Amino acid sequence: MKITDLITLTDFFEGIAKRTEGIDFFLPLSNGEKAIDEIESYYTNDYKGTTAFFQMAESGRKDNGAGLESLTFMCSMTVAQKPDGVGARAGLITRDRTQKLLLSMLGQIELAVEASIEELEDEGESYEFSVAPAERMFPIGQLANVNLEGHYIDIDVTIPANHLLYPA
């Protein structure tokens, strides 16, 4: 899949989540207080099981000096679920499960990036595309006043941006 903007970026992560066995729902989030409200409302009214949350925090533009512009989306992916109980063991089991799911998603992301680059190169198209997950995954305990367990990771996605800056 070729990522060309914020919509296709979100679609990319949604596709990965939907292909990951054990992820029941994908929810893209807004930012700031609105994201907190969305999470709280989801867990209060619409909880569907183990959820992959995707959020794009900000983006940065870069020029390579040769006329090729790129845009880096600074994103985060969270996998979370309600634990089966309130004890420490229930939380540990849930964190273990969500970490394994997040690692599975990261592996799928790496494979999808490689396939996308190869496909476009085979078509003779130059396409600079990279996905750089942070080296650390962070456990979460409570989010938006909701008792849940999970893990999140920051992921930077860089795409070419000339088509956005200089539309034909």
Side-chain angles (χ1 to χ4, degrees), residues 1-62 70-83 91 94-117 119-120 127-161 163-164:
M1 168 180 224
K2 186 174 179 179
I3 297 174
T4 58
D5 56 22
L6 185 55
I7 300 299
T8 55
L9 172 74
T10 303
D11 291 347
F12 173 80
F13 280 98
E14 182 174 13
I16 296 292
K18 286 183 174 181
R19 288 190 301 274
T20 303
E21 188 174 330
I23 300 290
D24 300 314
F25 192 67
F26 175 82
L27 184 63
L29 297 172
S30 302
N31 294 90
E33 287 295 319
K34 189 171 181 184
I36 292 169
D37 293 343
E38 290 165 352
I39 294 168
E40 194 170 322
S41 174
Y42 169 72
Y43 275 95
T44 303
N45 303 318
D46 302 313
Y47 181 65
K48 293 177 174 59
T50 305
T51 304
F53 295 99
F54 173 73
Q55 187 174 43
M56 200 283 292
E58 61 184 282
S59 55
R61 176 180 164 191
K62 189 189 298 185
S70 64
L71 186 64
T72 299
F73 296 104
M74 289 112 189
C75 310
S76 66
M77 178 65 75
T78 302
V79 176
Q81 73 180 72
K82 290 181 180 180
T94 305
R95 283 191 310 279
D96 180 65
R97 182 174 186 277
T98 58
Q99 184 179 47
K100 288 173 182 172
L101 288 169
L102 188 54
L103 286 167
S104 175
M105 290 178 71
L106 290 173
Q108 289 182 62
I109 288 167
E110 288 176 11
L111 293 173
V113 168
E114 289 174 21
S116 177
I117 290 171
E119 179 182 326
L120 292 164
Y127 181 65
E128 295 294 324
F129 174 44
S130 69
V131 176
E135 292 181 17
R136 292 177 155 179
M137 280 188 285
F138 297 94
I140 56 169
Q142 188 167 353
L143 190 60
N145 297 319
V146 177
N147 181 28
L148 55 86
E149 297 284 347
H151 280 84
Y152 86 90
I153 191 166
D154 293 320
I155 302 175
D156 292 349
V157 179
T158 302
I159 65 166
H163 71 284
L164 297 169

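For this chain, numbers begin at 1 and follow the sequence in order. All of these numbers come straight from a predicted model, not from anything done at the bench.
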For Phe73 and Asp5, which heavy atoms make the closest approach, and how far apart are they?
CZ-C, 4.1 Å
CZ of Arg95 to CD of Gln81, rounded to nearest 0.5 Å, is 11.5 Å
Would Asp11 and Thr8 satisfy side chain to side chain donor-acceptor pair (under 3.5 Å), going step by step from the backbone distance to the final call?
CA-CA 5 Å; Asp11 291 347; Thr8 55; over 6 Å; no
Tell me, with the steps shown, if Glu33 and Ile36 meet side chain to side chain contact (heavy atoms under 4.5 Å, CB included).
CA-CA 5 Å; Glu33 287 295 319; Ile36 292 169; 4.1 Å; yes
Any chance NZ of Lys34 has more than 12 other-residue heavy atoms, nucleotides or ligands included, within less than 6.0 Å?
no
Nearest 0.5 Å please: distance from the OH atom of Tyr152 over to the CZ atom of Arg136.
10.5 Å
Is it true that a side-chain atom of Thr10 and a backbone atom of Leu6 form a donor plus acceptor pair closer than 3.5 Å?
yes
Mind checking whether Tyr42 and Phe53 have parallel, tilted or perpendicular rings, split at 30° and 60°?
perpendicular
Minimum heavy-atom distance Asn31-Ala57, with the two atoms named
ND2-CA, 3.5 Å
Distance check, rounded to the nearest 0.5 Å: Leu102 atom CG versus Ile153 atom CD1?
6.0 Å
Distance-minimising heavy-atom pair for Cys75 and Met56:
SG-CG, 3.9 Å
In short, Gln55 meets Ala35 closest at the heavy-atom pair NE2-CB, 3.5 Å
Counterpart residues, salt bridge (charged side-chain N to carboxylate O under 4.0 Å, His left out), relative to Lys62 (two or more places apart):
none
Give the intermediate values and the outcome of side chain to side chain contact (heavy atoms under 4.5 Å, CB included) for residues Phe12 and Val157.
CA-CA 11 Å; Phe12 173 80; Val157 179; over 6 Å; no
Give, for atom CZ of Phe54 and atom CZ of Phe26, the distance between the pair rounded to the nearest 0.5 Å.
6.0 Å
Does the pair Lys82 and Tyr43 meet the rule for a side chain to side chain contact (heavy atoms under 4.5 Å, CB included), with working shown?
CA-CA 9 Å; Lys82 290 181 180 180; Tyr43 275 95; 3.6 Å; yes
Salt bridge (charged side-chain N to carboxylate O under 4.0 Å, His left out) partners for Arg61, two or more places apart:
Glu69
Between the main-chain N or O of Glu40 and the side-chain N or O of Thr44, is there a donor-acceptor pair closer than 3.5 Å?
yes
Walk me through whether Leu106 and Ile155 qualify under side chain to side chain contact (heavy atoms under 4.5 Å, CB included).
CA-CA 10 Å; Leu106 290 173; Ile155 302 175; 4.1 Å; yes
Shortest non-hydrogen contact from Ala17 to Ala52?
CB-CB, 3.9 Å
Could you go through Thr98 and Glu149, starting from their C-alpha distance and side-chain angles, then the distance that decides it, and tell me whether this counts as side chain to side chain donor-acceptor pair (under 3.5 Å)?
CA-CA 8 Å; Thr98 58; Glu149 297 284 347; over 6 Å; no
Drop me the distance from Met105's CE to Thr20's OG1, to the nearest 0.5 angstrom.
5.0 Å
Using 0.5 Å steps for rounding, measure from the OG1 atom of Thr50 to the CZ atom of Phe25.
12.5 Å
Nearest heavy-atom approach of Glu38 to Ser30 is OE2-OG, 2.6 Å
